[in-house]
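Input: a single structure, listed below in structure tokens.
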Number of protein chains: 4
Amino acid sequence: MKLWTGRLPGGMDASAARLNSSLGFDRRLGRWDVEGSKARAKAIQQAGVLSPEELNDVLRGLDQIGGELESGQFAFHESDEDIHTAVERRLTELVGEPGQKLHTGRSRNDQVATDFRLWMMDASQRLSRELKDLQETLLNRAQTDFGVILPGYTHLQQAQPILLSHWWLSYFWALQRDRERLQDSLRRLKVLPLGSGALAGTSFPIDRGSLSQELGFDHPFPNSLDAVSDRDFVAEFHFWASLVSVHLSRLAETLIIHSTTEFGFITLDDSYSTGSSLMPQKKNPDPLELIRGKSGGIIGRMTGWFVTWKGLPSTYDKDLQEDKPGVFETCDQLEAILPVFSGLLATLEIHEDQMKAALAPGIYATDLADYLVKKGVPFRQAHSAVAQAVRKAESLGISLSMLPLNEWQSIAPAFSEDLFDLFDPRNAVDQRAAIGGTARDAVQIQLTDAWKSWAME
Amino acid sequence: MKLWTGRLPGGMDASAARLNSSLGFDRRLGRWDVEGSKARAKAIQQAGVLSPEELNDVLRGLDQIGGELESGQFAFHESDEDIHTAVERRLTELVGEPGQKLHTGRSRNDQVATDFRLWMMDASQRLSRELKDLQETLLNRAQTDFGVILPGYTHLQQAQPILLSHWWLSYFWALQRDRERLQDSLRRLKVLPLGSGALAGTSFPIDRGSLSQELGFDHPFPNSLDAVSDRDFVAEFHFWASLVSVHLSRLAETLIIHSTTEFGFITLDDSYSTGSSLMPQKKNPDPLELIRGKSGGIIGRMTGWFVTWKGLPSTYDKDLQEDKPGVFETCDQLEAILPVFSGLLATLEIHEDQMKAALAPGIYATDLADYLVKKGVPFRQAHSAVAQAVRKAESLGISLSMLPLNEWQSIAPAFSEDLFDLFDPRNAVDQRAAIGGTARDAVQIQLTDAWKSWAME
Amino acid sequence: MKLWTGRLPGGMDASAARLNSSLGFDRRLGRWDVEGSKARAKAIQQAGVLSPEELNDVLRGLDQIGGELESGQFAFHESDEDIHTAVERRLTELVGEPGQKLHTGRSRNDQVATDFRLWMMDASQRLSRELKDLQETLLNRAQTDFGVILPGYTHLQQAQPILLSHWWLSYFWALQRDRERLQDSLRRLKVLPLGSGALAGTSFPIDRGSLSQELGFDHPFPNSLDAVSDRDFVAEFHFWASLVSVHLSRLAETLIIHSTTEFGFITLDDSYSTGSSLMPQKKNPDPLELIRGKSGGIIGRMTGWFVTWKGLPSTYDKDLQEDKPGVFETCDQLEAILPVFSGLLATLEIHEDQMKAALAPGIYATDLADYLVKKGVPFRQAHSAVAQAVRKAESLGISLSMLPLNEWQSIAPAFSEDLFDLFDPRNAVDQRAAIGGTARDAVQIQLTDAWKSWAME
Amino acid sequence: MKLWTGRLPGGMDASAARLNSSLGFDRRLGRWDVEGSKARAKAIQQAGVLSPEELNDVLRGLDQIGGELESGQFAFHESDEDIHTAVERRLTELVGEPGQKLHTGRSRNDQVATDFRLWMMDASQRLSRELKDLQETLLNRAQTDFGVILPGYTHLQQAQPILLSHWWLSYFWALQRDRERLQDSLRRLKVLPLGSGALAGTSFPIDRGSLSQELGFDHPFPNSLDAVSDRDFVAEFHFWASLVSVHLSRLAETLIIHSTTEFGFITLDDSYSTGSSLMPQKKNPDPLELIRGKSGGIIGRMTGWFVTWKGLPSTYDKDLQEDKPGVFETCDQLEAILPVFSGLLATLEIHEDQMKAALAPGIYATDLADYLVKKGVPFRQAHSAVAQAVRKAESLGISLSMLPLNEWQSIAPAFSEDLFDLFDPRNAVDQRAAIGGTARDAVQIQLTDAWKSWAME
């Protein structure tokens, strides 16, 4: 029986009823539906709708339902349209008439918005913790790999040598922004819809302030229409997840490239690799590819939500029911990805020699230009001079470090023998000593700051 | 046991293995994996890899597996990475060594592309049929409601009277284009990947032409790299579904507006309506809203697929595994929506009187301008004259049809008494008699053409 | 001449050069390129790269360039690849050798990230102000229209009567969240990339802390790789704009429906309406439709940015250049839309009588159920009883308020004569007096709170 | 003056008028607006609306306008709302009253749909030709580079050796599908809206069949409501462009990886490369990155269009005006990209030695397994045996080809001396001789077929 069978006693067409049912996904809100109902039962008892005895019955019934849901013993009925219907139906079975009073002045519109926010408050905490674990892995890597140097790339072309620790840390900071964003959106999430009824508020003297506190919200919605129709928090979640997934995807993409035979910078642990059904030699970075690939779906679900939501006029329309499946799926995927990525990063093997061997002499060109600058040559001329040397070496078919001094001097007289000292990764790295640079000292400071930021909140 | 346990015998980290497993969704390909395997077994027997007896064993085994999958009795193992692994594992259990030969020269790369295409060939047929049913409902409505006139809108403002049948038909044609598009994409779908191996082709003399024919494809892929990496058909399916869903959403949106108290043009049957848990009077068009709302998710999954796919270099990457869940979900949603929409349309009630009553006199303004044109007034002047009359009536606070003749004539002397005959919906409709217009005769012809187009293919 | 002509003196293919040039859009960063360059010139003078005289020359030259850009007299060259090249080229023309020193230790990678952030800091302030103006219009409307009652809708079906002011305020709060989000993202925007060089930091002793302060940032980036590759702020801007645009679109959509002939709740001022080239009577809400329509493009540009960005490995790739056109276009569109929406809202005409007349008696059904609850009937039974009355009236073909008392009592004996008092919009509204409800008192308090929130920051 | 000034003589608010104007982009339709108007003038002359002399005047006037538009001498007025208004206004200036008659029975709704389709028919032809040029470049490369072998990759890990020509051809076929899709969508594009009026058809006896022929369409729209509201062709264009852009992006991505120092397979010509403002050695593949990056915007515009369009009820709403800017921008970008990509591909340098050197011995593992199969070992056992050898070599720290015979035989006795012959790229390639495989003979056949497919239509 639907909650509105009195109005349309004929019942729905079977295929329409299936389309309409949200139990397939919203049963996940069960725990929060029970929590919200308990808090609300107390509030309407205060408002005189329930007697103290009835309240006791209702609380007892709801606790039992909570237990049944948790243990998987709750028996859903074919006709339970959604989790709210199922809970109210069961409550009435268990406690009788008081169960029929629970919905007084409540609508599924304010109820589902409340349940969903409670679920998301909980999920956000979990995700934040898992993100923090991944950050910890990055910080540990930065510590363990300290001193290792590899080529830094722009345009995927070798640019300047960098510390591997510096590179790991660059991802730490991106994830730190993600955690900040999650905090920011919590302030907007923790606003209570309950007490807004279908759209216009409630005619029972419910103390929404206490209700809000009881359920862990910061304060009630100041406007009932906004309360039932606001889905900004859904969009914020999707956006947040999309940003996280892009950060993870970009890291995965780079690691995939670094683990090719041709780069050879890293080897994934066997426990984070797969093989081929056909090619016996294969060892493939499937987990990284799936992390990268799932980002598409996460972004797609954000887009999809915007499409659905954007087309709606004011207040509650049934289309809003589509807000949940996408959020649940994205949350599940992030929870599947985050620990895998942590484990993969913690166990991968670094090939320091291979990284060092990869450094092509051209990578010191900026240092050579800076060298001229320090001797008084304007930068633009210094840049041009070194570029000329690069082309000279190219045309001679030799590496830049093999170009003889006289060639250098014929290009710029300021060059002298000590220019050859610059072909040294450690020197190249340590020179970039300003805050945020790749010098060992600077990275050491950065690492300390990163641990501090990480520990906060 | 994975198909590649020989290479990485240590096994995967448990959470990585869960992330990696596609069995949750690709078991749906089971039937096609069996079909593809049977055809391929015959082909490699011809190529000398299997003896006739072995082929018999393999075919028998595969048939049994097909039966087990269909009846739900197939027992998946924890370690079955995907449907292909499960089928090969079970086959080897059933028939022993010949089962270990089946994968000769095959890779899961060409296998999964084949399975997925077979699945989609089947799904396309089903969807086309369901779409055709919905079109039939529209044609029946156009026939039943023939003669009913309602306001036509642009910018949601009343524009000109139209036949309701004309309006139903406008959606028929949109869906007809959808069916055409599906046909077009079939030509690109029915190209066989099998025989392309992992990426480079196969070294066994398999007759890919016969294989293609056996499985209902038009011809084999001319390039093995393209065969395993092409996912155009996935994008085409998503795009096709997105277009369909937009057509359905736009129709649903208009019906939602037409079923408001304020418009009052239609009433949904109770069996396609829902009520409210709080407000006893409510009768809500939930199925229409869900049809409208689900379009967002469908478009989002298309976008998501593009995001994933766009980021990949050449040939097969594991990210491609993400091609299936979105397609399956979209297909399921369309199959849930289409029959509901048919039923809803077939049962809704039309309020002809309400439609007629809604026609505001201003809706005949174009006819009034055309009237002047037919008396020799250049259109731009005629337009301006009628606009003046509209403003005059507005300023007098009367409806346009109440404006006295002398006012009309003071604006344009060409007006005479017969102008008042134009305030007639039937006349307004029947005037627009050129091909494609809303005149009853034209719509009758259109309806006949529509039935013809519908019946084809 | 490009800044790297020394390396590739042959020059680019003409069509490749056109594809590569970003001057078409990044010239808009001109002002900020000059500001950033001035601050940096001071910093490298402190670091000993420029003499005090050279610094003076450079500052003078940059000021002149700033003037030329502002007045539109700056002459771009065909070969100026981007705004940075153009400014450095012109500076060298104006002041000679010191101009060639400016780029010492700087890369366009940290430069463009800095310019773009400066631009966005400025744009954010402008947009926040325009949003605040729109909010003010909503607050003024809420004040002016106080007391007007209209039907509230869910599922676009009449639900319960609400105060028009309550409805206006629901949009105020959505925009208030938008302003909060903009504030939140500013914290992540105001982090300085300059001094990060191409990716690895700088080897000149630049005081990045002072530089940051000089340019109005909160602090420098702690990691140079992150500094040049972070585009979270681009995504945050797009997301923010998308949310704003959805809020505006939903309001526009509702107003379009409210301004139909059938609803007749509002009339747009002529100055915010258009007509038809063909139909003389037409008065169309084009500005509302464009506001609604442009939301799609805004969301699309967000998606587009995610697609581009998601596919990239670590650090700077040229693809990042695509970050700007979309942001500029979205910003321009919001700046075009916001004042139009303010003007349109301030001038539209409310039809209070029409709103009142639209209230169908069924809209009081919840009040009737609450009435029974207050007499002790459990809510679920009360709901069912009123639903029965609704059906009874429907079957008798009369309106709910016309149903005679005995019919009511035969359904539920608790009904008595005073039930008819409930068919009163004012009563229906004023009952919902809890915080956030639509009662006049509650809305008055809400309005005061809204003004306070609005004024802050 | 607007075409509807008679109705709303007060004029629009200035900022609303700016928002409303589409001249900024739709002036690009000028040529087609003139063509469409000429054809229609003839049709309404036949219908008796214009005299033969008036028709002459109108045609002369329109020709002059066409000339003015082409030469850039057409003077747009501030008040010209769109290109249609501008053309009609100018025509009336030039020829007087007959100009005021041209719009008889026409609406901008059917006019703009016609103009836009004409534009797109033209653009499609251009794009198809440019795509064909790019395909030709790929075919030429396949021919020139015939015989060159490089590692084929899956998961970016070495899989099996392939012919470079085979790889080039894989992209040829993807683009061939793109050209087919364009053909398919032409059938739906070439349907004439003109004669549908605002939405209901026209009351003048216009011969829409002739009109259709005159303008190069296949046939007129069978339903006037559909004619003015159908924007499937816009979505189809965006989708088509998105697919093309993904194909180009994936090719670009792979070339970027192949041109790294670490892979070293190709070198871009200097004329398709850029340098760095800071790092003198840099040679960056900017054009490839921009091709890859612009794909995001193209996909984003498709999404954006779906968002806008999906939210609309039936028939024409002003939001549809947003259909054009995105299409124009995407078309421009493809036209900028395609010739650059052709030029880049035609001029890049292949490093055959480097490709060969990159082939790691493990790449022959499948051949080794197939070897065992041919000796009667079931494939799954053969796979496992070779995998064991791979691990053995790994554990000994030697390459697979260095593993001594006795080790091989201790794993599988079927191995004999001739196994070492398999470590040969030419053999590995030529074995895969079935249709679509990478064997030289098969690729030769493929190439011939490709040229044939290319030449058709």
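In the text below, chain A, chain B and the rest are named by the order of the sequence lines, each starting its count at 1. Side chains included, hydrogens not; waters and symmetry mates left out as well; all remaining heavy atoms used.
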Closest heavy-atom contact between [X] and [Y]?
{"X": "A:Val112", "Y": "A:Asn109", "value": "CG1-O, 3.7 Å"}
{"X": "B:Leu334", "Y": "B:Ala241", "value": "CD1-CB, 3.8 Å"}
{"X": "A:Leu312", "Y": "A:Thr308", "value": "CG-O, 3.5 Å"}
{"X": "A:Arg106", "Y": "A:Ser37", "value": "NH1-OG, 3.1 Å"}
{"X": "A:Ile257", "Y": "A:Leu156", "value": "CD1-CD2, 4.1 Å"}
{"X": "A:Gln321", "Y": "A:Tyr316", "value": "N-OH, 4.1 Å"}

Exercise. Which residues, numbered in order, of residues 242-252 of chain A come under 4.5 angstrom of chain B by heavy-atom distance?
Worked result: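 Within residues 242-252 of chain A, no residue comes under 4.5 Å of chain B, counting heavy atoms only.
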Exercise. Heavy atoms under 4.5 Å from chain B: which residues of residues 268-284 of chain A carry them?
Worked result: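 If one takes a 4.5 Å heavy-atom cut-off, the residues of residues 268-284 of chain A near chain B are A:Asp270, A:Ser271, A:Tyr272, A:Ser273, A:Thr274, A:Gly275, A:Ser276, A:Ser277, A:Leu278, A:Met279, A:Pro280, A:Gln281, A:Lys282, A:Lys283.
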Problem set entry | chain B contact via A:Ile299 - which portion, at a heavy-atom distance below 4.5 Å |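 Only the side chain of A:Ile299 comes within 4.5 Å of chain B.
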Problem set entry | Segment of A:Glu329 engaging chain B (4.5 angstrom heavy-atom cut-off) |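 Side chain only.
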Within-4.5 Å side-chain heavy-atom neighbours: [X] and [Y]:
{"X": "B:Gln333", "Y": "B:Arg301", "value": "yes"}
{"X": "A:Arg292", "Y": "B:Lys318", "value": "no"}
{"X": "A:Leu3", "Y": "A:Glu81", "value": "no"}
{"X": "B:Val49", "Y": "B:Phe204", "value": "yes"}

Exercise. Who wins among B:Pro285, B:Ala14, B:Gly105, B:Gly293 for the most heavy-atom pairs under 4.5 Å with chain A?
Worked result: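 Heavy-atom pair counts peak at B:Gly293.
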Problem set entry | Residue-level interface, residues 338-346 of chain B with chain A, non-hydrogen cut-off under 4.5 Å |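 Residues in range: B:Val340.
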For this session: Using the test side-chain contact (heavy atoms from CB on, under 4.5 Å), find all partners of B:Thr315 that sit at least two apart in sequence or belong to another chain.
Result: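 Result, side-chain contact (heavy atoms from CB on, under 4.5 Å) vs B:Thr315: B:Leu199, B:Leu225, B:Val228, D:Thr154.
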Exercise. So B:Lys324 and B:Asp26, salt bridge (Lys or Arg N to Asp or Glu O under 4.0 Å) or not? Walk me through it.
Worked result: CA-CA 7 Å; B:Lys324 280 175 284 306; B:Asp26 70 11; 6.0 Å; no
For this session: If the plane angle is over 60° it's perpendicular, under 30° parallel, otherwise tilted; pick one for A:Phe306 and A:Trp309.
Result: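 Tilted, since the angle between the ring planes falls between 30° and 60°.
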Exercise. Taking A:Ile291, A:Leu288, A:Val307, A:Ile256 one by one, which has the highest count of heavy-atom pairs under 4.5 Å against chain B?
Worked result: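 Highest number of pairs under 4.5 Å: A:Val307.
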